[in-house]
Visitor: 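The following block contains the structure, expressed as structure tokens.
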Amino acid sequence: MSATPLRTLIPNLPSGILYGGDYNPEQWPESVWLEDARLMREAGVNLVSLAIFSWAKLEPVPGRYDFGWLDRVIEILWRHEVSVCLATATASPPAWFSRLHPEGLALGPDGQRFTHGGRQHYCPNSVAYRSASISLITKLAERYGRHPAVALWHINNEIGCHVNACYCPVCTAEFQAWLKRRYGTLGALNEAWGTAFWSQIYGDWSEICLPGRTPTYCNPTQSLDHHRFVSDSMRRIVETEVAAIRAVVPEAKVTTNGVFVMKSANYRDWYGLCDVAALDSYPDPHQGLPENRAAALCHDFYRGFKDGLPFILMEQVSSQVNWRSSNVLKRPGQMRAMSYAAMARGADGIMFFQWRASKAGAEKYHGALLPHVGADSRVFREIRQLGQELRSLSRVAGSRIPARVALLDCWHNRWALELPSKPATFDYLKIFSFFHTALWNNHVAADVVSPDSDLARYDVVIAPTLYQIPVARAEKLRDYVSQGGTLLTTYFSGIVDENEHVHLGGYPALLKDVLGLVVEEWQPIPPDAKNGLRLTGAGDDQPAVPCGFFSEVIHLRGAEPVATFTEDFFAGSPAITRHRFGKGEAFYLATQPEQRFLESWLKELLGDRGIRAPVRAGANIEVSLRRADDEEFLFVINHDRNPAAVDYGVWTGAPDLLSNGAPVPTGENLPGFGVRILSRHIS
Ligand code: GLA
Ligand code: ZN
């Protein structure tokens with residue numbers, strides 16, 4: 001795993017860490033642009049996302065373009081050494097589009113059309129939208145595609161953040177065509193959807209509807225395919241826009257900004273179309289640590305979307321957003337700490353929405369690098385300081401996260417798991433976070449990867465509620481364990497195939513041999529109830545560890561119990577098991593123990609395999625290691641406003657890049673929102 005600076009993949013990018021944000025000069029008179037560029041240089045900005053919402057200015061009348069102003073903006077930026085991530089400008093079609101193509105506006109599930117006046121009002125499958133987008137993008141690519149300032153293309157903007165599924169006749173026809181491609185014959189579709197149930201058998205493709213308003217549960221496989229179709233429809237926008245650019249400039253480099261880990265988008269699949277993954281992240285600073293951990297989860301996801309390559313934090317806010325009920329400020333120092341938290345987990349770009357705070361429009365109270373009050377402000381001073389620091393951290397760019405643990409993620413699994421009519425209501429990210437947080441608190445790195453990736457790279461693979469397992473995936477997991485890997489999976493895993501059909505013969509049918517057990521029944525635990533578990537070997541006088549949400553009745557077929565349930569009719573039966581299989585081991589958690597227990601149990605399991613925290617620090621501290629070819633960087637970040645103790649252990653004396661290389665003491669109280677980036681050479 002050698003270091004891969006983004007610049008080696010995207011040659012026009014500035015070197016080092018990317019720094020900047022969305023720039024919307026069309027909201028300002030030209031007289032402001034020069035001051036913008038001057039202040040950008042002062043702040044250390046080296047990249048801006050330009051023209052995201054400029055369609056109406058670029059094409060004021062259908063087919064008539066005005067690029068003069070954009071020429072001048074790019075020219076000014078380039079003179080000030082600011083590169084451009086040029087948007088395709090398709091995120092908000094102009095009013096003339098809505099007037100000429102009312103059928104191109106999305107239709108809600110209630111049958112109501114969206115009207116003009118917001119943004120992202122288009123139907124994702126609209127032919128008129130697609131062709132108008134291609135015309136505009138072609139012109140943009142012809143004019144700017146080879147401009148040295150244009151480093152990267154910004155495809156659309158947060159596709160699907162407001163409107164993902166549309167229920168218009170065009171989308172219905174597209175859904176039918178999508179199904180025809182997937183299944184080939186109606187017979188195959190009827191089989192896959194299990195339409196013998198509730199008299200749902202289809203005799204003609206035209207009979208198939210989008211899952212809209214059904215009196216009760218819609219066919220689950222139909223709903224699952226609809227999730228796939230919605231994601232594919234939005235992915236097609238990325239594909240179309242990338243193709244339009246590359247028809248003119250084949251070597252053009254592209255990205256698109258994803259929204260957190262939005263349910264409707266299978267980003268892992270989308271980013272295959274892009275050269276770099278880019279994330280928009282707005283954790284609520286008021287919520288503190290849980291939000292920082294949620295952000296860390298996203299960072300690990302986005303790093304995983306491109307197999308560990310650095311990603312770009314494309315949007316965050318400097319101070320406060322404008323869309324919560326109470327838009328709390330990032331406190332002094334918190335923006336810096338949160339920026340380094342992204343970098344700690346693989347971001348090589350720290351970007352914001354937006355450069356200059358708007359004076360009109362729906363986002364005028366959203367924070368910016370340059371607030372309404374101007375450059376003489378706390379926010380701008382913090383931005384300038386961070387910009388200066390980042391300049392000195394160029395050598396971190398391209399370094400990778402050397403994780404020995406993988407968390408398995410599959411969006412089809414999420415969609416399937418969260419369909420209704422299950423034994424309980426499942427929240428995929430909640431279950432996923434339960435494990436991710438346990439690793440975070442143990443200061444152990446994990447990659448979030450697809451079950452189809454090369455698992456042999458990892459010593460431990462954690463698969464939280466891998467409910468949907470197609471046969472081939474079960475084979476992969478079996479191979480992984482038999483070759484010496486450690487697999488940890490949980491309740492309600494391995495239940496169905498890709499069509500939401502149950503694998504019969506005792507759960508989890510395809511993994512029974514690997515886990516050495518069979519699950520006969522499950523017993524969800526309502527929120528107001530609990531079960532308990534006790535480690536085998538612990539005396540009956542030891543208090544039971546509370547566990548909740550789900551429990552299962554297990555019969556051992558070779559596995560040994562690690563812990564047993566203490567309550568209910570299956571008290572004494574296994575709650576956690578361990579099974580040697582081939583050269584490896586498989587663990588199974590039949591319930592959700594309380595977080596503290598999971599953390600300490602996992603710590604031991606990982607420790608037995610030589611996986612340990614690099615330093616000793618409390619639970620408010622984020623710790624992450626990045627590795628370059630001959631140097632390692634240890635990020636230590638205090639997310640709390642109060643000081644917190646850190647014991648640097650073997651890192652004692654290592655130079656801190658944020659303190660001019662001063663050696664770090666053995667231990668200290670790291671100040672509130674304090675950050676250290678320690679370095680050491682490796683051979
Ligand atoms: C999103 C959008 C931006 C802006 C911000 C506000 O991330 O991409 O255009 O609306 O939200 O937080
Ligand atoms: Zn539609």
Side-chain angles (χ1 to χ4, degrees), residues 21-24 26-27 48-55 85 87-93 98 101-114 118-130 154-178 209-210 212 226 229-230 232-234 236-237 255-262 264-265 278-285 295 298 312-324 327-328 330 335 351-358 361-369:
D22 286 18
Y23 181 37
N24 298 306
E26 68 273 21
Q27 297 175 13
V48 292
S49 297
L50 191 60
I52 294 177
F53 296 103
S54 304
W55 195 342
C85 175
T88 52
T90 51
S92 191
S98 307
H101 305 287
E103 82 297 342
L105 297 173
L107 201 66
D110 55 358
Q112 300 274 320
R113 285 267 174 212
F114 286 92
R119 64 176 179 183
Q120 206 175 75
H121 33 277
Y122 57 84
C123 153
N125 285 301
S126 159
V127 177
Y129 172 69
R130 191 175 311 132
H154 186 291
I155 301 296
N156 209 295
N157 187 66
E158 287 197 347
I159 299 170
C161 72
H162 307 302
V163 177
N164 42 65
C166 167
Y167 293 83
C168 78
V170 174
C171 288
T172 304
E174 286 289 339
F175 185 45
Q176 291 160 355
W178 184 96
C209 303
L210 295 165
H226 184 241
F229 164 74
V230 166
D232 282 0
S233 298
M234 295 190 288
R236 186 174 168 198
I237 294 175
T255 190
T256 190
N257 53 339
V259 191
F260 210 60
V261 279
M262 184 174 73
S264 59
L279 150 76
D280 293 352
S281 178
Y282 291 93
D284 185 353
C298 280
I312 298 174
L313 174 60
M314 190 59 96
E315 286 184 30
Q316 61 170 337
V317 70
S318 60
S319 55
Q320 65 205 143
V321 298
N322 68 322
W323 39 260
R324 292 195 172 97
N327 297 299
V328 167
K330 285 182 181 165
M335 177 277 294
M351 314 265 293
F352 297 79
F353 177 85
Q354 60 177 330
W355 163 252
R356 183 184 279 273
S358 306
E363 295 186 321
K364 56 185 173 293
Y365 299 120
H366 192 288
L369 302 190

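Numbering starts at 1 and runs along the sequence shown. One-based numbering, in listed order, for ligands and for the atoms of each.
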Visitor: With a 4.0 Å heavy-atom cut-off, what residues sit around ligand 1?
Guide: F53, R119, N157, E158, D280, Y282, E315, W323, F353, E363, H366
Visitor: For H366 versus V321, what's the shortest heavy-atom pair and its separation?
Guide: NE2-CG1, 3.6 Å
Visitor: When you check the space around the Zn ion (ligand 2), which protein N, O or S atoms turn up under 2.8 Å?
Guide: C123 SG, C166 SG, C168 SG, C171 SG
Visitor: Please give me the minimum heavy-atom distance between L210 and T172, naming the atom from each residue.
Guide: CD1-OG1, 3.5 Å
Visitor: Among V259, L313, V261, find the one that has a side chain to side chain contact (heavy atoms under 4.5 Å, CB included) with S281.
Guide: L313
Visitor: Does R236 have any salt bridge (charged side-chain N to carboxylate O under 4.0 Å, His left out) partners at least two apart in sequence or in another chain, and if so, which?
Guide: E174
Visitor: At their closest point, which heavy atom of P93 faces which heavy atom of W55, and how far apart are they?
Guide: CA-CE3, 3.5 Å
Visitor: Nearest heavy-atom pair of S49 and M351: which atoms, and what distance?
Guide: OG-CE, 4.1 Å
Visitor: Distance from S54 atom OG to Y23 atom OH, nearest 0.5 Å?
Guide: 11.0 Å
Visitor: Test of understanding: with salt bridge (charged side-chain N to carboxylate O under 4.0 Å, His left out), list the residues that count as partners of E315, not counting sequence neighbours.
Guide: none
Visitor: Looking only at non-hydrogen atoms, find the nearest pair between R113 and E103 and report the distance.
Guide: NH1-O, 3.4 Å
